[in-house]
Structures are given as structure tokens and as C-alpha cells.
Amino acid sequence: MEYDFREIERKWQQRWAEAGTYHVEADPSRPKYYVLDMFPYPSGAGLHVGHPLGYIASDIYSRYKRQKGFNVLHPMGYDAFGLPAEQYAIQTGQHPAVTTEQNIKRYREQLDKIGFSFDWNREVRTCDPGYYKWTQWAFEKMYNHYYDTDLQRAMPIEHLIAKHPEWNELTPKELSDTLMNYRLAFQADTLVNWCEGLGTVLANDEVKDGLSVRGGFTVEQKLMRQWLLRVTAYAERLLTGLDDLEWSESLKEIQRNWIGRSEGATMFFPIKGQPEEKKLEIFTTRADTVFGVTFMVLAPEHAFIQEITTPEQREAVEAYIAETKKRSERERMADTKRVSGVFTGAYAVNPFNGVEIPIWISDYVLAGYGTGAIMAVPAHDSRDWAFAKHFDLLIIPIIECDVTEGSYDAKEGTLINSDFLTGLDVKEAIPAMFKAIEEKGIGHKKVNYRLRDAIFSRQRYWGEPFPVSYDADGIPVLLPESELPLLLPEVDNFTPTHDGQPPLARVEGWKYETSTMPGFAGSSAYYLRYMDPHNDKALVDPEINKYWENVDLYVGGIEHATGHLMYSRFWNKFLFDLGYVCKDEPFKKLVNQGMIQGRSNFVYRVVDKPNTYVSYGLKDQYQTQEIHVDVNIVKNDVLDIEAFKAWRPEFKDAEFITESDGRYVCGWAIEKMSKSMFNVVNPDMIVENYGADTLRMYEMFLGPLEQSKPWDTNGIDGVHKFLRRVWRLVEGVDDAKPTDAELKTLHKTIKKISEDIENFSFNTSVSAFMICLNELYDHKTTARSVLEPLVCLLAPFAPHIAEELWHGPLGHAEAESVCDAAYPVYEEKYLTESAFEYPVSFNGKMRFKRTFDLSMTPDAIAEAIKADEQTSKYADGKAVRKVIVVPGKIINVVC
RNA sequence: GCUCCGGUGGUGGAAUGGUAGACACGAAGGACUUAAAAUCCUUUGGCCAUUAGGCUGUGCGGGUUCAAGUCCCGCCCGGAGUACCA
């Protein structure tokens with residue numbers, strides 16, 4: 001019988017759905033394993049062939065684990081709130097709920113065709129009220145908790161109030177304002193990334209190079225009252241928690257850099273002519289360089305500037321501040337080399353030697369980091385140096401070096417001109433200085449983080465509403481937990497109001513906060529909800545959470561490194577502190593699949609001939625224009641000329657200058673997969689032409705999972721051919737006794753595939769299958785005891801064909817799915833041999849192969865080789881000096 | 001600038017320090033076929049040699065080692081992250 005993949009795949013997808021093959025429940029009698037994919041945002045464009053890459057990998061792993069006897073939780077859902085649906089709504093007037101629903105339907109159809117083992121009973125959508133109830137619930141919990149730095153955990157806000165009896169004196173408004181400095185979800189006037197083009201604020205990770213990640217609109221700094229999450233409270237735990245995670249080093253590194261821990265000291269500098277308590281606080285990691293300080297620099301936003309600026313300098317200072325305000329974040333970034341600043345007229349006093357130091361302001365010092373003020377050491381900091389050179393300020397070297405021009409960021413060396421530190425090495429000087437600072441009482445050791453609190457409001461419609469209203473004093477009042485969820489009201493206009501209010505301000509009688517929560521709100525705890533998706537009493541039942549614990553394997557793109565993966569960890573740690581979840585970290589192991597790029601094809605239009613196209617090999621003889629051509633009408637870079645003529649009306653009468661064999665060869669390039677480049681390959685089409693099993697295996701075969709690589713349909717025949725050969729081989733199954741050679745092939749393959757799956761090296765496992773099949777073909781294998789384990793082994797990769805063979809030629813009963821067939825175990829005895837063929841090399845050159853008995857001692861081998869030397873033409877008469885034996889592997893003979 | 005990752009045939013990519021290029025695509029040749037599809041066989045890093053075989057070869061230059069794509073040092077190139085973070 002032919003391998004009719006269309007019929008086979010249709011049949012099994014239907015049966016799996018009917019039988020609930022992939023439905024799982026918590027079952028304490030069995031070990032659990034939780035495999036999660038980052039759920040997709042259902043965009044209008046549908047899936048392209050790059051999207052399922054990670055899903056296929058995780059599906060293979062899930063199925064493998066299931067065959068190994070684990071109770072595998074493998075859910076899927078949709079990250080359904082978000083900007084694109086709303087932008088689309090603004091343009092077309094279609095309600096985001098409607099387009100989202102349509103997109104989800106399309107996604108589901110596409111996903112279903114690939115044969116995933118998702119438990120769809122557990123589907124979640126972030127835009128469902130039953131789901132976002134728990135997003136709002138978590139927000140309220142955060143509002144009602146603060147981070148206790150002594151206990152290093154979140155605690156109820158009442159606990160804090162109890163510690164401060166003096167707060168009883170405060171008015172309700174004052175108390176509310178005070179508590180806002182502690183709550184984990186809080187309101188503050190902060191400089192935000194305001195994006196006029198999108199009409200909303202954005203989080204730091206949603207901005208890149210001064211432009212919005214979505215849409216590429218300009219982003220500016222603006223002071224606004226916003227809701228924020230106090231992510232910084234967890235900075236240290238987010239940092240140290242990384243150590244125990246099985247994440248790639250590079251991803252951990254990205255998070256470490258984003259958290260940006262730096263150890264240093266804050267130090268107070270008295271200001272000349274100001275009262276004793278009015279001291280300038282700075283942060284430095286290099287307290288040892290304090291004798292090299294020749295000026296101070298404040299950020300233009302620094303609170304002291306008004307008070308300390310002298311009358312003579314006031315005009316210049318104010319002009320500078322005004323100018324800085326005008327510059328957008330992007331402009332500031334664009335010319336970081338530009339040195340600018342202005343003297344305040346005031347002087348600070350070096351607390352160590354009493355030297356008076358001029359105080360400047362400059363935008364190279366950031367208001368948001370440290371204290372917004374620095375001590376400048378121009379001799380050993382390149383930015384300070386540039387500033388000093390530009391304004392002709394004093395430079396005092398205090399670390400010995402042979403650099404004559406320019407500063408150097410001296411991380412080692414001996415200190416000079418530094419009073420009691422002179423003669424010490426930098427490494428000794430830093431701790432010595434910390435000690436001195438604390439002894440003199442002019443500062444203390446301090447750890448600073450680059451991490452910022454996350455801005456949590458968006459001036460948009462399509463998101464979770466805040467369950468918050470405000471009383472007459474503007475004090476937030478939470479909707480009682482029992483009344484959650486607060487439903488997102490209907491609107492028919494999705495644009496901001498005329499006075500710049502968010503769309504919710506249009507809703508009549510809406511007495512709640514008008515901004516909504518950002519995209520990351522709904523995706524921060526969805527992995528918990530999958531454990532118990534229909535529970536309306538709790539986010540997740542504690543018993544159920546205790547069983548599934550957290551995600552064992554998480555697969556997704558690295559682009560979420562500083563966004564979702566950071567927020568989820570924060571959110572989970574918070575819920576952990578409150579006792580709602582049993583694990584401190586959400587994702588134990590994480591694998592980042594690479595991006596699949598597009599591979600575009602080109603035709604070459606001859607410039608002065610109308611509608612004439614020249615083949616790639618001849619294009620240099622003409623002046624040509626490169627035109628993208630739909631990759632779906634090109635095979636192996638050869639253009640289907642008829643399809644091209646039919647592709648678009650203007651090509652109907654196209655003329656072609658072909659290669660000598662009549663073929664038209666296209667050029668190609670690797671580009672992003674996008675509609676405009678006609679290089680989008682749709683998985684539905686691949687499934688239709690080759691089958692889901694071929695798609696699955698070919699996506700794995702393309703290359704290492706974590707690596708970005710271009711999609712190239714050209715190679716897919718190889719994988720398809722492999723499956724057809726499997727089909728034919730297993731069709732001929734009988735009860736023949738397997739030969740040693742067949743058993744060796746089988747067990748070698750089991751070992752290799754198992755190791756590969758554990759290492760997520762799926763590309764080499766596909767190769768291993770092909771090698772195995774080639775060998776079995778050579779052996780003309782028919783033995784059931786070889787072919788049946790092979791089908792089990794193949795099931796995670798190509799479940800449909802495996803299932804069909806399992807029930808067809810292999811004759812298993814309908815009720816026993818190959819999904820539950822025990823994963824084969826290899827036996828070492830079939831792999832060992834009594835003798836090995838070793839390469840023997842002289843002076844590093846492989847000279848000949850020789851078969852040795854494994855039981856021979858090195859001495860015996862040396863003797864044997866000596867004997868060989870008598871006859872070998874490579875023998876140069878030198879005696880064998882040494883025989884190197886690595887048991888079971890290799891021998892080297894040193895002459 | 002800093003941090004991380006990579007650089008291997010025409011292409012995608014294999015190689016616990018141990019015969020580099022597995023596996024696959026493409027290409028060339030052949031078998032079967034009226035033909036096509038499908039299937040199967042042979043060759044396929046480069047140079048030299050009619051064969052046997054030899055030389056050379058993993059971005060560049062050094063080094064360690066009996067032995068280096070792999071380890072170490074110094075460069076070059078590409079990608080990613082981050083950036084006046086004090």
C-alpha cells in the first residue's frame with residue numbers, strides 16, 4: 001500500500017481528539033512532567049513555518065517523556081490582549097474581541113494540522129473574564145503587599161503600618177501617599193516612555209533605540225502618574241535565582257545585565273555655604289578614587305540644582321535644563337559623544353581632604369540611576385575625562401599608569417597621590433576605602449541595580465481593566481476581591497478622547513481607572529492557570545499546584561528575555577511569598593528556539609527590454625533589476641515559468657532568457673520572513689504536500705534548535721523519502737529472528753536518539769533515523785523485534801505514521817495508542833564487540849588500521865605493532881616507544 | 001565601548017582532543033520506463049596522479065600535545081544583548 005499521509009493524518013488527528021488521548025489530570029501516583037510553550041499572540045497573519053518550530057520540539061519532548069512513563073502536562077492557549085488587535089480596530093472599526101476570536105480560530109486550525117499532543121481542555125485566553133479575574137486578583141494582592149527587606153519577602157501592608165505607630169497621626173491622604181512608596185503595585189509620578197504614535201506609555205523592554213518595538217514610533221520621556229510594579233524589590237532574588245536554573249548561559253547573562261547589579265558606596269559631600277544637613281549624596285563603585293575627584297556632576301533633573309545655583313550662573317543653568325528637556329531620548333542617544341554641561345557656581349567639599357570641588361550639571365549623568373549625582377574622576381573615567389577636557393577642568397592621576405594622553409578605566413594598578421591609600425593596589429584600596437567611609441560616617445556600602453520598576457498602565461482599551469476607583473481625595477479604592485472580575489466594558493471607538501484620555505474614558509458611568517494593564521500582565525502567570533484552568537475559587541488549587549509544581553521545560557523565543565521572562569519570575573516569586581504557589585521559580589529548564597528566517601528568490605528583469613527576465617547564470621551580461629518572486633513557485637531555485645506567468649497579470653506575457661538547458665534559475669537571499677518579500681512559507685501548504693510528519697521532522701532536521709536558520713523547502717524531499725521508506729520497510733514486517741547486525745543497528749539507534757532527545761539535539765536524531773534506516777535496508781530487515789521498537793522510537797517525531805504502522809502492520813489493538821507504548825531501552829550487550837578496528841598512527845599521521853582483540857594489553861599491542869613494522873611500508877625502523885590505549889576507543893603509537 | 005555566541009564543501013549541517021565533512025539537499029552519471037512520476041545504484045572539499053596513491057584543507061597568526069575544527073594566547077569578520085549605569 002502507498003503511504004497515504006493525508007488520509008493517515010486526518011484519521012489519527014480525529015481519533016486522538018475523540019478518544020481524548022492527550023487529556024491529562026493530576027495523578028499523584030505517577031511522576032509529573034510539565035512541558036510548556038510560550039503561548040502565541042494570535043495575529044491576523046496566521047502561522048508561518050517558523051512559528052511551530054518550538055512547538056514541534058516541545059511536542060517531541062512531551063511525547064518522549066510520556067512514553068518514558070511520565071504524566072505529562074502539555075497545554076496551549078492564547079496571549080489575546082494586545083496592541084495589534086487594537087490598532088487594527090482603530091483602522092477598521094472591528095472590535096478587537098471579534099478579530100481576536102477569528103485569529104484564534106485560524107491558529108487553532110493550523111495547529112491542529114501538525115498533530116500536537118496539547119491538552120486542549122486546558123486552553124486559556126488572557127482576554128477571558130474567567131482568566132483575567134486572576135490577573136486583577138494578583139494586582140490587588142500586590143497593591144496590598146510590600147517587600148520587607150529584613151525578611152526578604154513580600155508581607156501584608158498592615159504589617160508595615162503596625163511597625164510605624166507614628167503613621168496614625170497622618171491624614172488618610174498622607175498615609176495613602178506614604179504607603180505608595182512601599183506597595184508592590186503602586187502609583188507614582190514617573191518619567192515614562194510616552195509613545196505619541198501609539199497613544200500610550202511603554203515599558204523599558206518595549207522600547208528599543210528610542211523607538212517603540214511595535215510600530216517603530218518615536219518615544220519620549222514624560223512625567224506622568226502611572227501604576228507601576230515594584231520589580232526592583234526582587235532584584236537580588238531575581239539575580240541569585242538564576243544560578244539554579246537550567247537556562248542557557250547567554251540568556252542568564254542577558255537577565256544579569258538587565259538587572260545590572262553593581263556594588264559600591266554612597267558618599268555624602270558637604271556643599272560649601274549650605275547647612276550641615278544639606279549634603280550631596282553620590283554613588284560610586286570606585287570609592288578608592290576619591291582623591292582624584294576634581295568636579296561633581298548632577299543630572300539636570302537633580303532636586304538640589306535650584307537651591308545651590310549661584311545668581312551669576314542661574315540663567316545658564318536654566319537654559320541648559322530647558323534645552324535638555326526638549327531633547328528626546330532618541331536624540332540623546334544619537335549623539336552620546338557630544339559633551340555638554342554647565343557650571344552651577346556652587347562647590348562641594350571633599351570629605352577626605354577638604355578640597356573644594358566645582359559642581360556642574362550635565363545630561364551624561366542620569367537622574368534615574370544611583371542618586372543622580374556623581375563624583376567625577378577624569379583621570380580614570382573616559383566620560384569624566386572627555387568632560388574635563390572639553391571644559392578645561394583639572395585632572396589628577398591617582399593610579400600609576402604609563403598612559404600619557406587620555407584617561408584609562410584603571411581596574412588595577414597602584415594608587416598614587418592618595419593620602420593613606422597611596423601604594424596600595426586597587427583591589428586592596430577599594431575595601432580599605434569602604435572601611436574608611438563607614439568609620440568617618442560619611443557614607444556606606446551600597447548595592448545598586450540598573451533594573452527599573454515596571455510601568456503597569458497603558459492608555460489603551462484592549463487590556464485588563466484595573467479594578468480600582470478613586471475617592472474624592474484621589475485615594476485608590478480596590479474593588480472587593482469577591483466582585484472580581486471587573487469586566488472590560490464595550491466601546492465603539494478605540495481612539496483616545498479629545499483631551500487625551502484613554503478610550504475607557506468614553507464609557508458612560510465608568511467610575512474606574514481608565515488605563516488598562518499591559519500585555520505582560522496576562523502572560524505572567526498563565527503557566528499556573530493551565531494547572532487548574534476552570535477553577536473559579538483560586539488561581540490554582542494548592543493541592544494541584546503541589547502536584548504540577550512548576551514548568552519543567554519551557555520552550556520559546558529569546559526575545560522575551562528582559563520582558564515576559566523577567567515579569568513572570570517576579571510575579572511567581574510574589575505568589576510564592578504569599579504561599580499561593582509552592583515553587584519560587586516558574587521555569588526550571590528553558591530552551592530558546594532560534595528564529596526561522598525567510599529565503600527569498602529573485603528574478604532579474606532586463607532593464608531596457610520590456611517584461612523580459614534573464615536567468616541567474618546569465619544576468620551579468622545584462623543590466624538587470626532584482627525582483628522578489630514568490631518562493632512557492634520556485635523549486636530548487638528553478639522558476640516554474642507557467643506559474644510565474646499566472647502569478648500576476650503583469651507577468652502574463654513575460655519573456656525569459658534561460659540557461660542553455662532551458663531552465664530559469666533564480667537568485668536567492670536570506671531575509672526576514674515577510675509578505676512583502678514573498679518568502680512566507682505556510683505550514684498548511686507543507687502539510688498538504690508532504691504531510692505533518694514530514695513537516696515536523698524536517699523542521700527539526702533544518703539545524704540545531706537554538707540556532708537561527710533560514711527556511712528552505714528544497715531539502716524536504718529527503719525527509720519525506722525517509723518516511724516513505726519507513727512505511728515500506730515496516731509493511732514487510734514478519735516474525736523473523738533478527739541478526740546480530742540488525743540488533744546492533746537498532747540498539748545503537750535507540751542509544752543515539754535517546755541521548756539526542758535529552759540534549760535537544762533533534763537535528764542529529766533525524767540523521768540517526770536515516771542512518772538506521774539505510775542500514776536496515778542493507779540488511780533487508782523484516783524482524784518485528786527490530787521494527788517495532790523503531791516505530792516506538794519514531795512516534796514522538798512522526799506520531800501519525802507511527803500510530804498507523806503500530807495498528808496496521810504491527811497489529812496492535814485500537815485501544816493501545818503508540819503514544820503510550822513504552823520507550824525502547826537499549827542494551828549495551830548488543831553494542832560491545834570482541835575486537836575493534838583501530839586506526840594506528842605514527843607521528844600523528846594515521847597510517848593504517850589494525851584489528852586488535854579487546855583483551856590485549858598495551859604491551860601485547862606494542863609487540864604486535866612492532867611485528868607490523870617489519871612488513872609495513874611506513875616503518876622507519878624506529879622502535880615503538882609508547883602505546884596509548886583509551887579503552888574501547890583508540891590506540892596511538894608513538895615513534 | 002562592554003558582554004555573550006558563532007566562522008567547517010555549491011547549500012543546511014555532523015564530528016566525548018583521536019581516520020574532518022556523518023546525514024540530507026543540490027549536481028553529474030547510470031538502471032528500470034514509450035514517457036513522466038516513483039524507486040534503485042555510482043560519483044561528489046580542492047589540487048596532482050589514467051590506477052595504486054600523494055599533497056592540501058575547518059576565518060588569520062602563533063602556542064600546548066604523539067595527535068587540534070575542538071584547548072590556550074593574539075587578531076579579523078559576522079550575529080545577538082546592552083549602553084553616558086558612575
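Chain A is the first sequence line, chain B the second, and so forth, proteins listed ahead of strands; every chain is numbered from 1.
- Every residue meeting the side-chain hydrogen bond (donor to acceptor under 3.5 Å, both in side chains) condition with A:Asn632, not counting sequence neighbours, appears here in chain and number order: A:Asp630.
- For the OP1/OP2 pair of B:A24 and a distance below 4.0 Å, the side-chain nitrogens and oxygens of A:Asn774 include at least one atom meeting the criterion.
- Between B:A67 and B:A28, the distance separating the two C1' atoms is 37 Å to the nearest Å.
- Heavy atoms of A:Asp384 sit nowhere under 4.0 angstrom from any nucleic acid atom.
- Taking only side-chain nitrogens and oxygens, A:Arg450 comes nearer than 4.0 Å to OP1 or OP2 of B:A83.
- Taking the ring centroids of A:Trp360 and A:Phe387, they lie under the 6.0 Å cut-off.
- In this structure, NZ of A:Lys748 is placed 12 Å from C1' of B:C23, rounded to the nearest angstrom.
- Counting any heavy atom pair closer than 4.0 Å across all strands shown, A:Arg724 reaches sugar-phosphate atoms only and no base atom.
- Taking the ring centroids of A:Trp727 and A:Phe5, they lie at or beyond the 6.0 Å cut-off.
- Here the nucleotide nearest the side chain of A:Asp363, chosen from B:A86, B:C40, B:C84, is B:C84.
- For the side-chain contact (heavy atoms from CB on, under 4.5 Å) with A:Arg599, the lone residue among A:Val681, A:Val631, A:Val634, A:Asn714 that qualifies is A:Asn714.
- Under the Watson-Crick or G-U wobble criterion, with both distances below 3.5 Å, B:G78 is paired with B:C5.
- A:Arg256 and A:Glu249 are joined by a salt bridge, as a carboxylate oxygen and a charged side-chain nitrogen come within less than 4.0 angstrom of each other.
- One atom, CH2 of A:Trp727, and another, C1' of B:U39, lie 18 Å apart when rounded to the nearest Å.
- Using cut-offs of 30° and 60° on the angle between ring planes, the pair A:Tyr698 and A:Phe701 is tilted.
- Comparing the same atom, P, in B:C4 and in B:G74 gives a spacing of 13 Å after rounding to whole Å.
- Pair assignment for B:U70 gives none, since no Watson-Crick or G-U wobble pairing has each distance under 3.5 Å.
- Nucleotides B:G9 and B:G69 have their P atoms positioned 14 Å apart, rounded to a whole Å.
- Here A:Arg599 lies out of heavy-atom contact (under 4.0 Å) with every strand.
- For A:Asn257, taking side-chain heavy atoms from C-beta onward, the closest of the listed nucleotides B:C23, B:U3, B:A83 is B:U3.
- Pair assignment for B:A27: B:U43, on the basis of Watson-Crick or G-U wobble contacts that are both within less than 3.5 Å.
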Each nucleotide N or O in nucleotides 12-15 of chain B that has a protein N or O under 3.5 Å away: list the pair and distance.
{"from": "B:G12", "atom 1": "O2'", "to": "A:Leu702", "atom 2": "O", "distance (Å)": "2.5"}
{"from": "B:G13", "atom 1": "OP1", "to": "A:Gln707", "atom 2": "NE2", "distance (Å)": "2.6"}
{"from": "B:G13", "atom 1": "O3'", "to": "A:Asn763", "atom 2": "ND2", "distance (Å)": "3.3"}
{"from": "B:A14", "atom 1": "OP1", "to": "A:Asn763", "atom 2": "ND2", "distance (Å)": "2.9"}

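- For the pair A:Ile771 CD1 and B:A24 C1', the interatomic distance rounds to 10 Å; values are reported in whole Å.
- Between A:Glu263 and A:Arg261 there is a salt bridge, since a side-chain N of the basic residue sits under 4.0 Å from a carboxylate O of the acidic one.
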Checklist line | Trace of the side-chain contact (heavy atoms from CB on, under 4.5 Å) decision for A:Arg452 with A:Val231 | finding: CA-CA 7 Å; A:Arg452 293 281 90 94; A:Val231 179; over 6 Å; no

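- Taking the six-membered ring where the residue is Trp, A:His444 and A:Phe268 present tilted rings, their angle falling between 30° and 60°.
- Applying the 90° criterion around 0 to the glycosidic angle, B:G21 comes out anti.
- Taking every heavy atom of residues 713-722 of chain A and every atom of RNA chain B, pairs under 4.0 Å involve A:Asn714, A:Gly715, A:Gly718, A:Lys721, by number.
- Using atom C1' as the reference point in both B:U8 and B:G45, the two lie 10 Å apart (nearest Å).
- Side-chain atoms of A:Asn448 do not come within 3.5 Å of backbone N or O of A:Ser262 as any donor-acceptor pair.
- Taking atom P in both B:U11 and B:C2, one finds a spacing of 33 Å when rounded to whole Å.
- Residue pairs meeting the salt bridge (charged side-chain N to carboxylate O under 4.0 Å, His left out) criterion with at least one partner in residues 699-708 of chain A, sequence neighbours excluded, are absent.
- When rounded to the nearest whole Å, the span between CD of A:Glu706 and C1' of B:G79 equals 15 Å.
- Nucleotide B:U82 holds its C1' atom 14 Å from the CZ atom of A:Arg452, rounded to whole Å.
- Within the shown strands, nothing qualifies as a pairing partner of B:A15 under the Watson-Crick or G-U definition with both distances less than 3.5 Å.
- Nearest to the side-chain atoms of A:Arg728 among the listed nucleotides B:U39, B:U3, B:A27 stands B:U39.
- Remark: A:Glu688 pairs with A:Arg6 by the salt bridge (Lys or Arg N to Asp or Glu O under 4.0 Å) rule, at least two apart or across chains.
- Using Watson-Crick or G-U wobble geometry with both donor-acceptor distances under 3.5 Å, B:C84 finds no partner in any strand shown.
- Note on A:Tyr364: every side-chain N or O is 4.0 Å or more away from OP1 and OP2 of B:A86.
- When the C1' atom of B:C23 is taken as reference, atom CE of A:Met697 falls 12 Å away, rounded to whole Å.
- Separating the CH2 atom of A:Trp711 from the C1' atom of B:U11 is a distance of 15 Å, rounded to the nearest angstrom.
- Taking a pair to require two hydrogen-bonding distances under 3.5 Å in either a Watson-Crick or a G-U wobble arrangement, B:C32 remains unpaired.
- Between B:U50 and B:G61, the two C1' atoms lie 40 Å apart (nearest whole Å).
- Atom CZ in A:Arg663 sits about 7 Å away from atom P in B:A28, given to the nearest Å.
- Pairing of B:A49, defined by two Watson-Crick or G-U wobble distances under 3.5 Å, is not identified with any nucleotide.
- Straight-line distance between the C1' atoms of B:G17 and B:U70: roughly 7 Å, to the nearest whole Å.
- Going from the C1' atom of B:A22 to that of B:U16 covers 16 Å, rounded to whole Å.
- Checking A:Ile558 against A:Met375, the closest nucleotide of RNA chain B that is more toward the 5' end is the one next to A:Ile558.
- Taking A:Arg725 as the reference, nothing meets the salt bridge (Lys or Arg N to Asp or Glu O under 4.0 Å) condition, with sequence neighbours excluded.
- Counting any heavy atom pair closer than 4.0 Å across all strands shown, A:Arg725 reaches sugar-phosphate atoms only and no base atom.
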